2 protein chains.
Amino acid sequence: MSLSYALLAALCDRPCSGYDLAKQFQGSVGYFWSATHQQIYRELHKLEDLGWINATEVSQDGRPDKKVFSVTPLGCDRLRQWISTPHDLPVTKDEILVKVFAGYLVPSSVLVGQLRHCQQQHQARLEVYQDIEAQFFQHLPPEPNHRHFAYLTLKRGISFTQEWIRWCEETIVWLEKYLS
Amino acid sequence: MSLSYALLAALCDRPCSGYDLAKQFQGSVGYFWSATHQQIYRELHKLEDLGWINATEVSQDGRPDKKVFSVTPLGCDRLRQWISTPHDLPVTKDEILVKVFAGYLVPSSVLVGQLRHCQQQHQARLEVYQDIEAQFFQHLPPEPNHRHFAYLTLKRGISFTQEWIRWCEETIVWLEKYLS
DNA sequence: GGTGCCATGTAACGAGTTACATGATTGG
DNA sequence: CCAATCATGTAACTCGTTACATGGCACC
């Protein structure tokens with residue numbers, strides 16, 4: 001199952017605790033792969049049983065202890081295998097598209113409202129992406145390292161979000177032109 | 001749950017049987033909302049119990065009988081309400097992004113192979129979209145009707161698929177330039 | 001006579017979500 | 001003292017997938 005591999009990929013980048021992972025997967029990384037903390041803890045136990053990751057107890061002062069997980073050589077190997085296996089395209093289920101598809105059922109102002117809402121959310125997301133870009137990827141060294149790979153995925157996030165905003169705009173313009 | 005509304009939207013467009021819906025949701029419509037026939041039949045029973053749709057037995061010759069479902073006024077109303085309710089952006093879980101994110105773990109040729117695979121699948125999808133465009137949306141009347149709404153969603157499909165292809169290409173070029 | 005399409009379902013399982021639960025510490 | 005953050009978990013439920021099941025007709 002793919003969540004395992006997303007977790008392995010995150011832990012390969014940097015070992016961390018379930019809590020840390022949950023935060024990442026709800027923040028920026030969550031824009032292309034999300035999971036709740038319940039799912040993550042459950043999955044981490046499985047991966048530990050499989051011997052793909054192992055935990056180190058880290059006691060902190062002023063904070064609860066935590067278990068920091070690292071990927072084992074076996075886990076890393078399984079991740080490599082998975083990366084090398086072709087997969088089909090994922091299905092994206094998008095409520096806004098269903099709304100537009102059946103948009104003739106509601107007043108155009110209502111549909112425009114939904115599209116604006118969608119556009120604003122993408123706008124907010126875009127700003128998060130651009131902040132990340134400015135903070136972490138502005139001054140990448142010319143010789144390729146593993147940060148560059150993360151940057152390639154961020155760039156997809158940026159261009160897709162921009163494309164969303166453009167499509168929302170175009171659709172709103174059409175609706176206002178023909179249905180007002 | 002959203003599958004209900006996707007089904008209502010499809011049935012509002014044109015009443016049909018579970019089998020018909022399953023075909024639609026595995027073909028072109030399935031590129032932005034998918035469901036298997038098992039899910040669809042289960043959901044149709046629920047919607048019938050709720051009184052949001054009702055069935056008419058249609059006996060055919062040379063073929064098994066079928067149940068054609070239509071949306072009731074109540075169902076239509078619920079769909080309108082749902083359309084008018086704001087929703088959060090859906091999460092897209094994309095394996096290829098996880099692969100690129102952890103792409104430093106495998107030889108660049110392997111990653112390029114995965115990207116080419118992804119690009120080809122999007123290319124095939126684009127051709128399906130463009131066929132649909134040519135067949136059904138080439139000669140839309142100037143006055144807006146409900147076909148136009150479907151066309152707006154198709155246009156999103158086209159531009160996103162093109163953006164995918166572009167991103168794959170860009171990423172492949174980068175990988176080949178710096179890691180060969 | 002076999003393959004494939006039409007048509008509808010059940011059963012079991014795995015993935016994902018929501019609610020509930022605990023307990024320490026830091027900062028206002 | 002109250003809220004927020006750190007940190008980890010269980011339980012119940014819904015959604016989605018895979019496998020299994022049936023049966024007739026059409027076409028080669």
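Predicted, not measured: the structure shown is a model, and the values here were computed from it. In what follows, chains carry the letters A, B, and so on, assigned in the order in which the sequence lines appear, proteins first and then strands, with residues in each chain numbered from 1.
- Ring-plane geometry between B:Tyr31 and B:Tyr129 is classed as perpendicular, the angle between the planes exceeding 60 degrees on a 0 to 90 degree scale with a lower cut at 30.
- A salt bridge is defined here as a Lys NZ or Arg NE, NH1 or NH2 lying under 4.0 Å from an Asp or Glu carboxylate O, and B:Glu169 with B:Arg166 fails to meet this definition.
- Ring orientation note: the planes of A:Phe149 and B:Tyr104 are nearly perpendicular, at an angle over 60° on the 30°/60° scale.
- Between the CD atom of A:Gln26 and the C1' atom of C:dT18 there is a distance of 13 Å, rounded to whole Å.
- For the pair B:Phe25 CZ and C:dT8 P, the interatomic distance rounds to 15 Å; values are reported in whole Å.
- When rounded to the nearest whole Å, the span between CD1 of B:Ile40 and P of D:dT18 equals 15 Å.
- Taking the screw axis at each terminus of the helix from C:dG1-D:dC28 to C:dG28-D:dC1 from five consecutive base pairs, the angle between the two is 30° to within rounding of 10 degrees.
- Ring pair B:Tyr151/B:Phe137 is parallel by interplanar angle, where below 30° counts as parallel and above 60° as perpendicular.
- In this structure, a donor-acceptor pair under 3.5 Å is absent between the side chains of B:His37 and B:Lys23.
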Item to check | side chain to side chain donor-acceptor pair (under 3.5 Å) evaluation trace for B:Ser108 with B:Glu176 | outcome: CA-CA 8 Å; B:Ser108 69; B:Glu176 290 185 333; over 6 Å; no
List the atom pairs, with distances to 0.1 Å, where a side-chain N or O of residues 67-78 of chain B and a protein N or O form a donor-acceptor pair under 3.5 Å, not counting sequence neighbours.
| from | atom 1 | to | atom 2 | distance (Å) |
| --- | --- | --- | --- | --- |
| B:Thr72 | OG1 | B:Gly51 | O | 2.7 |
| B:Thr72 | OG1 | B:Trp52 | O | 3.0 |
| B:Thr72 | OG1 | B:Gly75 | N | 3.1 |

Checklist entry - How does each nucleotide of nucleotides 8-16 of chain D score, in 5' to 3' order, for protein heavy atoms under 4.0 Å: base (B), sugar-phosphate only (S), or none (-)? => result BBB----SB
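- Side chains of B:Ser4 and B:Glu43: a donor on one and an acceptor on the other come within 3.5 Å.
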